[in-house]
S.K.: 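First, the structure itself, so that you have it in front of you.
Computation of the quantities below employed the complete heavy-atom set of this structure, encompassing side-chain atoms and omitting hydrogens, waters and symmetry-equivalent molecules. Per chain, numbering begins at 1; letters A, B, ... match sequence-line order.
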Amino acid sequence: MPKSTPVQITEILDGGKTDQVVSIKGWIYRTRSSGNIVFTVIRDGTNIIQATVKRGNLKDDEFEDAKKALIESSVIVTGVVVEDKRAPGGYELRVESFHVIQFAEVFPITEDQSPEFLMDKRHLWIRSQKLNAVFKVRSTVVGAIHTFFRDNGYIEFDAPVLQPNQCEGGSTLFEVKYYDTKTFLSQSWQLYAEAAVFSLGKVYNMGPTFRAERSKTSRHLSEFWMAEMEAAWMELDELTQVAKDEIRFIIQQVLEKNPRELTVLGQDSEKLKKMANTPFPTITYDEAISLLNEKAGMNIQWGKDLRTLEENTLMQYFETPVVVTNYPLEIMAFYKPPDPLNPKTALCFDMIAPEGYGEIIGGSQRGLDIDYMKKRLQETGEKIENYQWYFDLRRYGSVPHSGYGVGVERVVAWICRLDTIKDAIAFPRTMNRYSP
RNA sequence: GCCGUCCUAGCUCAGCUGGUGGAGCACUCGGCUGUUAACCGAGCGGUCGCCGGUUCGAAUCCGGCGGACGGCGCCA
């Protein structure tokens with residue numbers, strides 16, 4: 001084997017290895033042969049490059065191997081990097097050694113694919129350029145969330161995944177056998193975060209969340225990652241500002257770290273950049289209803305939640321995410337308190353993403369009135385006993401506090417312009433799918 | 001929970017008012033020294049989702065069941 005240094009394909013395409021002999025370790029992505037020349041496109045996880053294999057430039061048996069190796073065979077290929085306009089990407093590797101580590105069996109995924117088939121072969125499909133790009137963006141998003149909160153004085157705080165309580169409504173809980181009794185998978189970290197703020201002040205967390213909603217839409221997962229924050233002494237105005245700052249920071253980080261991935265995914269970086277530099281507006285639920293009824297000619301009655309249709313119609317008037325505050329109190333969860341200035345509404349907000357990606361954040365100030373919360377819980381058939389510990393938080397030095405949760409996959413789907421949220425997570429769990 | 005679409009080769013699909021199951025891709029073999037998910041020729045490949053019914057005869061018509069996908073509601 002000729003002398004060479006192992007490199008990543010991305011280094012070659014950046015122009016740093018031109019005319020040098022290098023080795024790449026990767027997998028065959030495409031292959032075409034033409035008698036005494038084989039064009040093999042190789043991927044290594046960082047990018048793809050064409051390797052040109054000519055008979056005579058390497059051992060004959062290696063040439064035959066290059067000719068017969070199927071897609072996804074693992075290889076170590078050595079050769080000279082040459083700038084060549086005929087090669088996709090502008091650079092190719094002129095091969096001097098072609099070493100097959102494993103000859104792959106026939107790869108089941110070919111050019112014709114249906115969503116169902118790709119979901120069945122998800123463990124193989126995650127190798128695709130598209131999902132590879134999504135995962136890189138997702139990694140940036142997750143990293144940005146940690147950085148944002150840590151840089152702003154928040155402490156990462158973990159809550160149990162097995163929980164005795166509901167947070168967002170009993171009908172959407174996953175029940176789990178727990179020794180001789182039962183418990184539930186976490187719907188939210190919030191109730192525990194509310195306990196934590198009395199110790200730490202400002203906390204955040206990111207982790208899996210489980211909701212057994214019978215939803216079969218491109219915006220729902222049964223298992224998704226939620227990034228939540230909770231802060232003592234914080235009220236609604238400041239809370240919405242933190243949310244806007246967080247989302248803007250996430251976009252800036254993706255723009256900085258993933259320009260190639262955004263291109264692969266067909267997202268317009270300029271549009272995102274403009275969005276990151278434009279203030280996100282805040283409107284009230286009342287204003288949203290007026291806008292829909294007066295400008296969009298709809299007939300929405302006060303008191304109804306904004307549904308998908310209303311949200312999408314509303315977003316036609318905005319190019320950035322929008323914060324909507326003060327939803328009707330009655331349709332909100334037990335822990336959202338009435339607004340003293342407008343008691344029929346709650347001190348809560350949603351952030352709605354543009355282009356039909358829907359709610360990406362939901363949050364609120366937290367109720368401090370034990371009697372009110374008990375009443376609301378009883379209305380939904382909840383057992384008050386399970387919440388005594390939660391009410392204790394209002395008995396020992398209660399303070400105003402607030403928090404919100406970001407749907408990580410919804411943010412990733414929006415930034416990556418995905419058709420479905422399922423592609424924002426490696427192995428999606430939905431109503432009808434829990435394998436592979 | 002409600003509504004809609006779909007299920008035929010490994011994959012994507014065609015298959016008319018019922019009459020011996022097809023194409024493209026993939027794969028195998030042969031050809032080709034610059035291909036861009038190459039091209040040319042040949043070959044391999046089927047429990048037509050499952051069960052039942054009608055019929056001389058069902059991929060096709062009827063009934064039931066199962067599975068998948070999407071929309072609504074609900075949510076992040």
S.K.: For the ring pair A:W125 and A:F117, is the centre-to-centre distance below 6.0 Å?
M.R.: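 Centroid separation for A:W125 and A:F117: 6.0 Å or greater.
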S.K.: The side chain of A:F117 lies closest to which of these nucleotides: B:rG73, B:rC75, B:rU12?
M.R.: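 Minimum distance to the A:F117 side chain belongs to B:rU12.
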S.K.: For B:rG34, does either OP1 or OP2 sit under 4.0 Å from a side-chain N or O belonging to A:R86?
M.R.: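 Checking A:R86 against B:rG34: no side-chain N or O falls below 4.0 Å of OP1 or OP2.
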S.K.: On a whole-Å scale, what distance lies between the P atoms belonging to B:rU28 and B:rG45?
M.R.: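 Nearest-Å result for B:rU28 against B:rG45 at atom P: 16 Å.
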S.K.: Take nucleotides 24-33 of chain B nucleotide by nucleotide from the 5' end and write B, S or -, depending on whether a protein heavy atom sits under 4.0 Å from the base, only from the sugar-phosphate, or from neither.
M.R.: BSSSS---BB
S.K.: For A:D423 and B:rG70, give me the distance from atom CG to atom P, rounded to whole Å.
M.R.: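 Roughly 10 Å, once rounded to whole Å.
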S.K.: Given B:rG73, B:rA37, B:rG34, identify the nucleotide with an atom nearest to the side chain of A:F39.
M.R.: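 In terms of side-chain proximity for A:F39, the closest of B:rG73, B:rA37, B:rG34 is B:rG34.
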S.K.: What residue among A:R122, A:R417, A:R138 forms salt bridge (Lys or Arg N to Asp or Glu O under 4.0 Å) with A:D423?
M.R.: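 Of the listed options, the one satisfying the test is A:R122.
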S.K.: Any N or O donor-acceptor pair linking the side chain of A:Q50 to the base of B:rU35 at under 3.5 Å?
M.R.: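 By the distance-only test, yes, there is a pair.
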S.K.: Expressed as a whole number of angstroms, how long is the span from A:Q187:CD to B:rA76:C1'?
M.R.: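 It works out to 12 Å between those atoms.
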S.K.: Would a line drawn from the ring center of A:Y335 to the ring center of A:Y390 be shorter than 6.0 Å?
M.R.: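 Centroid distance A:Y335-A:Y390: not below 6.0 Å, so no.
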S.K.: Got a salt bridge between A:K67 and A:E64, using NZ or NE/NH1/NH2 to carboxylate O under 4.0 Å?
M.R.: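 Here A:K67 does not pair with A:E64 in a salt bridge, since their nearest N and O are not under 4.0 Å apart.
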S.K.: If you find the nucleotide of RNA chain B closest to A:K422 and the one closest to A:M431, which residue's nucleotide is nearer the 5' end?
M.R.: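 The 5'-side residue here is A:M431.
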S.K.: Going by the angle between their ring planes, with limits at 30° and 60°, are A:Y204 and A:F149 parallel, tilted or perpendicular?
M.R.: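 Taking A:F149 first and then A:Y204, their aromatic rings lie parallel (interplane angle under 30°).
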S.K.: Taking atom C1' in both B:rU60 and B:rG19, what distance in whole Å separates the two?
M.R.: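 Approximately 11 Å lies between the C1' atom of B:rU60 and that of B:rG19.
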S.K.: Dot-bracket for RNA chain B, 5' to 3', with Watson-Crick and G-U pairs under 3.5 Å, [ ] for crossing pairs and | for other-strand pairs: what is it?
M.R.: (((((((..((((.....[..)))).(((((.......))))).....(((((..]....))))))))))))....
S.K.: Within the pair A:S218 and B:rG71, is there a side-chain N or O less than 4.0 Å away from OP1 or OP2?
M.R.: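 A:S218 to B:rG71 OP1/OP2: side-chain N or O found under 4.0 Å.
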S.K.: Between B:rC50 and B:rU8, how far apart are the two C1' atoms, rounded to whole Å?
M.R.: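 Those two atoms are separated by 15 Å.
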S.K.: Determine the interatomic distance between P on B:rC51 and the same-named atom on B:rA59; round to the nearest Å.
M.R.: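 Result for the P pair: 13 Å, nearest Å.
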S.K.: Say you pick atom P in B:rG34 and the same atom in B:rC39; how far apart are they, in whole Å?
M.R.: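 Comparing P positions in B:rG34 and B:rC39 gives a spacing of 16 Å.
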S.K.: Quick one: A:I421 CD1 to B:rC75 P, roughly how many Å, whole number?
M.R.: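 It is 16 Å, rounded to the nearest whole Å.
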S.K.: Verify the distance criterion only: is there a donor paired with an acceptor across the side chains of A:S139 and A:K257 at less than 3.5 Å?
M.R.: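 No, because no side-chain N or O of A:S139 sits under 3.5 Å from a partner of the opposite role on A:K257.
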S.K.: Can you tell me how far C1' of B:rC74 sits from NZ of A:K216, to the nearest Å?
M.R.: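 Distance check: A:K216 NZ to B:rC74 C1' gives 14 Å.
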S.K.: Counting side-chain heavy atoms from CB outward, which of B:rG34, B:rG70, B:rA76 is closest to A:T52?
M.R.: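 Shortest atom-to-atom distance from the side chain points to B:rG34.
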S.K.: Classify the nucleic acid contact of A:E92 as base, sugar-phosphate or nothing, counting any heavy atom under 4.0 Å across all strands shown.
M.R.: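 Touches a base.
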S.K.: Which whole-number value in Å describes the distance from A:N312 CG to B:rG71 P?
M.R.: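 The answer, rounded to whole Å, is 11 Å.
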S.K.: Quick one: do the A:S74 and A:Q102 side chains pair a donor with an acceptor below 3.5 Å?
M.R.: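 A:Q102 and A:S74 do not have a side-chain donor-acceptor pair below 3.5 Å.
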S.K.: When the distance from CD of A:E310 to P of B:rC74 is rounded to whole Å, what number comes out?
M.R.: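 Taking atom P of B:rC74 as the reference, CD of A:E310 is at 9 Å.
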S.K.: Going by an N to O cut-off under 4.0 Å, is there a salt bridge joining A:K304 and A:E310?
M.R.: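 Salt bridge flag = no for A:E310 with A:K304.
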S.K.: Mind calculating the distance between CD1 (A:I145) and C1' (B:rA76) to the nearest angstrom?
M.R.: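 Roughly 12 Å, once rounded to whole Å.
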S.K.: When you compare B:rA14 with B:rC48, how far apart are their C1' atoms, in angstrom units rounded to a whole number?
M.R.: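 Per the computed distance, 13 Å lies between those C1' atoms.
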S.K.: Measure from NZ or CZ of A:R211 to the centre of the six-membered ring of A:F224 and say whether it is under 6.0 Å with the direction within 45° of the ring axis.
M.R.: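 Pair A:R211/A:F224 does not count as cation-pi.
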S.K.: Which is more 5' along RNA chain B, the nucleotide nearest A:S215 or the one nearest A:R433? Just name the residue.
M.R.: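 Counting from the 5' end, the first nearest nucleotide belongs to A:R433.
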S.K.: Considering only the P atoms, how many Å lie between B:rG70 and B:rC13, rounded to the nearest integer?
M.R.: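 These two P atoms come out 14 Å apart once rounded.
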S.K.: Would you mind reading off the distance between A:K121 atom NZ and B:rU12 atom P, rounded to a whole angstrom?
M.R.: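 It works out to 11 Å between those atoms.
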